[in-house]
Amino acid sequence: NGSITEFTHGQLGKLKQDPAPLPNIELFDDGARGVFSCPYGLQFDKGGNLWVSNRFVPNIISFSPDQLTQSVIVLPNTVLNSFEFVGPEDLLFDKEGALWIADAALGSVFAYQSSTLAAALGKDNNLDPDIIINPAALDSAAALAFDRSGNLWVANCGNTSFVAMFNAADIKVSGAPTPAITLTPTIVNTPGGMTHSLDCPEGLAFDGGGNLWVANGISDTVGSLAKFSKSQLTSSGSPPPAVFLDADANGVNLFQPVLINFGSP
């Protein structure tokens, strides 16, 4: 089933002293998957509503700010159902407030415009996405990231591992655009031998300098984090990571990392 937990900023600042704090708030399932069924992606909108992707239902749900104040079993304030969904994972809002969804069971990326979300709030909706992107290049869209120019980067963790960038102009309407840039794996030397720079990438995030970080779910058996500098993101190829953080043999430091994000300082 699943649950969602919140830890305070203060708790996160004291993880060295208390590495296993109790959640400040926890939202529970009702025991019958009526709320959560493998909750995966999480994103807040500008109004403070928390949006969640349920991989196994599959659907998208949200909770209002008033519902996020105490640990309870609480039904979602909003539900988005669509036959387009098969295995939604990552969620991401763009600058205009549209909600983008990566479906890892498909090579598809979906988007609901901000006006559509506003009309859907507080309801149980059967509502297909406003934008459906089905590029031939993708077979398992696992994670999303927007760069400063509004271009969409998508991690593919399927038959092949790569990261694809789609120009902002090519994703304004439904279609099957061709990636403008594709990053493919190269061999990286590690203390334990060798591994791939991209191996089932399942997390993407840009840092403040415009560098792209990738979470590899399988690389070197139990995972890795790879950083590609801004200068390496201008054309297709197999660039060596500027930084490569490898899991140790037992996965104590990293174990199948997936969605990643840079918080506020």
Side-chain angles (χ1 to χ4, degrees), residues 40-41 55 87-90 92 100-109 133-149 151-167 170-171 176-207 209-262:
Y40 203 88
R55 285 203 298 170
E89 291 196 353
D90 198 11
L92 188 63
W100 292 78
I101 303 156
D103 198 305
L106 299 171
S108 301
V109 178
I133 304 296
N134 285 313
L138 300 178
D139 63 8
S140 178
L144 308 172
F146 283 100
D147 62 23
R148 293 175 180 175
S149 298
N151 304 310
L152 178 63
W153 295 75
V154 183
N156 193 82
C157 172
N159 293 325
T160 57
S161 294
F162 60 88
V163 176
M165 186 273 272
F166 298 91
N167 285 324
D170 294 333
I171 58 171
T178 300
I181 294 173
T182 302
L183 303 181
T184 52
T186 189
I187 296 297
V188 177
N189 293 317
T190 70
M194 295 185 298
T195 190
H196 290 100
S197 58
L198 297 172
D199 196 348
C200 192
E202 293 190 271
L204 298 176
F206 282 96
D207 63 21
N211 308 299
L212 179 64
W213 289 80
V214 181
N216 289 303
I218 297 177
S219 177
D220 227 5
T221 306
V222 288
S224 64
L225 296 176
K227 169 189 170 182
F228 298 93
S229 64
K230 184 178 180 181
S231 61
Q232 294 177 303
L233 305 177
T234 58
S235 61
S236 296
S238 303
V243 175
F244 192 79
L245 304 178
D246 196 20
D248 59 29
N250 297 314
V252 174
N253 59 337
L254 287 172
F255 189 82
Q256 297 180 349
V258 287
L259 304 183
I260 55 176
N261 198 2
F262 285 95

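No experiment lies behind these values; they were computed from the predicted model shown.
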Evaluate the side-chain proximity of [Y] to [X]: yes if any heavy-atom separation is below 4.5 Å, no if none is.
{"X": "Asp199", "Y": "Pro185", "answer": "no"}
{"X": "Leu198", "Y": "Val214", "answer": "yes"}
{"X": "Ser224", "Y": "His196", "answer": "no"}
{"X": "Phe244", "Y": "Ser219", "answer": "yes"}

Within this structure, what is the [atom1]-[atom2] distance for the pair [X] and [Y], rounded to the nearest 0.5 Å?
{"X": "Thr234", "Y": "Ile181", "atom1": "OG1", "atom2": "CD1", "result": "6.5 Å"}
{"X": "Leu245", "Y": "Lys227", "atom1": "CG", "atom2": "NZ", "result": "10.0 Å"}
{"X": "Ser235", "Y": "Leu183", "atom1": "OG", "atom2": "CG", "result": "8.5 Å"}
{"X": "Phe166", "Y": "Thr178", "atom1": "CZ", "atom2": "OG1", "result": "8.0 Å"}

Short side-chain to backbone donor-acceptor contact, [X] and [Y], under 3.5 Å:
{"X": "Asp139", "Y": "Asn159", "answer": "yes"}
{"X": "Asn216", "Y": "Leu225", "answer": "no"}
{"X": "Glu89", "Y": "Ala141", "answer": "no"}
{"X": "Thr195", "Y": "Asp220", "answer": "yes"}

Minimum heavy-atom distance between [X] and [Y], given as atom pair plus value:
{"X": "Ser161", "Y": "Cys200", "answer": "OG-N, 2.8 Å"}
{"X": "Ala104", "Y": "Ala142", "answer": "CB-CA, 4.3 Å"}
{"X": "Asn156", "Y": "Ser140", "answer": "OD1-N, 3.0 Å"}

Holding to side-chain contact (heavy atoms from CB on, under 4.5 Å), I want the full list of residues that pass it with Leu106, two or more places apart in sequence or in another chain.
Val86, Asp103, Ser108, Phe110
Can you list the residues that meet the side-chain contact (heavy atoms from CB on, under 4.5 Å) rule with Ala143, with sequence neighbours excluded?
Asp90, Ala155, Leu204, Leu259
Under the side-chain hydrogen bond (donor to acceptor under 3.5 Å, both in side chains) test, residues paired with Asp207 that sit two or more places apart:
Asn211, Trp213
Which residues share a ring pair (Phe, Tyr, Trp, His ring centres under 6.0 Å) with Phe146, sequence neighbours left out:
Trp100
Does any pair with a residue in residues 180-192 pass side-chain hydrogen bond (donor to acceptor under 3.5 Å, both in side chains), and if so which ones, sequence neighbours excluded?
Thr184-Ser238
So side-chain hydrogen bond (donor to acceptor under 3.5 Å, both in side chains) across residues 241-262, not counting sequence neighbours, yields none
Please lay out, stage by stage, how Phe228 and Val163 fare under the test side-chain contact (heavy atoms from CB on, under 4.5 Å).
CA-CA 11 Å; Phe228 298 93; Val163 176; over 6 Å; no
